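Just below is one structure, and these are the notes that go with it.
In this text the structure is predicted, and so the values were computed from the model without any measurement.
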Amino acid sequence: PKFHVSGADLDDETSARALGIFLSLLDSDRTFFLASDIAEFKKLETTLDDRLRVGDVQIAYAIVALFKRRASERHVYVQEFLAQEHEFTARERYAWDRSSDSCEWPEDPDALDELWRRKLSDQLIRRLVIARLESSVLTETDGSGEVVTSPSEQVGNQYRQFLTIL
């Protein structure tokens, strides 16, 4: 195709913008891909238009495959984290809205784990607060109809459902 559906030329600039949008749609809060993944993708952004002209969409499949792999890795981390006891005594911050360009992609697996530790701690604390405010434990059901009562089970269920959908 010579033109994008927007009417703009399909060129390097459009390719770079399209790649950025695609990555944002997959990992909007920058909690799955590593900075090194993004650097590798960006090496291809100026050839994306050339590839599309000849019908080569393999880069999209490769990006999605890596996203699925990263999501599976995160699911393992979530299960390991939720299996531990948590006291929440440390004073720390978590920027839950990581969708802006001011938030960097994690540099390495250790930085990604730390980001997820804070993310999951935030989710657990929010559910604990809600449960206390309601003076009861929240209940919801997992896919099999079993009642899930603890905040840890609820958070774990959330990520199991995400991985199943993915």
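Think of Ile21 as one node in a network of Ile, Leu, Val, Met, Phe, Trp and Tyr side chains linked at under 4.5 Å; its network also takes in Leu25.
Residues passing the side chain to side chain donor-acceptor pair (under 3.5 Å) test with Ser99, sequence neighbours excluded: Asp97. Among residues two or more places apart in sequence or in another chain, the side chain to side chain donor-acceptor pair (under 3.5 Å) test is passed with Asp27 by none. Evaluation of the side chain to side chain donor-acceptor pair (under 3.5 Å) rule for Arg117 yields Glu92, Glu114 as partners, not counting sequence neighbours. Glu40 is linked by a side-chain contact (heavy atoms from CB on, under 4.5 Å) to Lys43, counting only residues two or more places apart in sequence or in another chain. Annotation: side chain to side chain donor-acceptor pair (under 3.5 Å) contacts of Asp122 (sequence neighbours excluded): Arg126. Every residue was checked against the salt bridge (Lys or Arg N to Asp or Glu O under 4.0 Å) condition with Asp108, not counting sequence neighbours, and none meets it. Scanning for side-chain contact (heavy atoms from CB on, under 4.5 Å) contacts around Gln79 gives His75, Arg160, with sequence neighbours left out. Partners of Glu13 under the side-chain contact (heavy atoms from CB on, under 4.5 Å) rule, at least two apart in sequence or in another chain, are Asp11, Arg17.
Side chains of Glu73 and Leu112 form no contact here, defined as non-hydrogen atoms less than 4.5 Å apart. Within the 4.5 Å cutoff, the side chain of Gln123 has heavy atoms near those of the Gln158 side chain. Counting only heavy atoms from C-beta outward, the side chains of Asp49 and Thr14 never approach each other to under 4.5 Å. For the pair Leu115 and Arg98, the minimum side-chain heavy-atom distance is below 4.5 Å. No side-chain heavy atom of Gln161 sits less than 4.5 Å from a side-chain heavy atom of Leu166.
Test Thr47, Leu48, Thr46 against Asp12 for side chain to side chain contact (heavy atoms under 4.5 Å, CB included) and you get one pass: Thr46.
With values rounded to the nearest 0.5 angstrom, Asp29 atom CG is found 10.5 Å from Ser24 atom OG. Of the inter-residue distances, the one linking Thr31 atom OG1 with Arg70 atom CZ reads 12.0 Å to the nearest 0.5 angstrom. To the nearest 0.5 Å, atom CG of residue Asp37 and atom NZ of residue Lys42 are 12.5 Å apart.
Checking side-chain atoms of Arg118 against main-chain N and O of Arg93 turns up a donor-acceptor pair under 3.5 Å. The backbone N or O of Glu153 lies less than 3.5 Å from a partner atom in the side chain of Ser150, making a donor-acceptor pair.
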Return all side-chain donor-acceptor pairs below 3.5 angstrom for residues 56-67, not counting sequence neighbours, or 'none' if the list is empty.
unit_1: Asp56; atom_1: OD1; unit_2: Gln58; atom_2: N; d: 2.9

Side-chain donor-acceptor distances from residues 80-87 under 3.5 Å, at least two apart:
unit_1: His86; atom_1: NE2; unit_2: Phe81; atom_2: O; d: 2.8
unit_1: His86; atom_1: NE2; unit_2: Gln84; atom_2: O; d: 3.2

Evaluation steps, side chain to side chain contact (heavy atoms under 4.5 Å, CB included), between Ile38 and Arg30: CA-CA 10 Å; Ile38 301 305; Arg30 300 175 180 217; over 6 Å; no
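The ring-ring contact (aromatic ring centres under 6.0 Å, His included) pairs that include a residue from residues 100-121 are Phe32-Trp116, Trp116-Tyr159, where partners are two or more places apart or lie in different chains.
Two rings, from Phe41 and Phe22, have their centers 6.0 Å or more apart.
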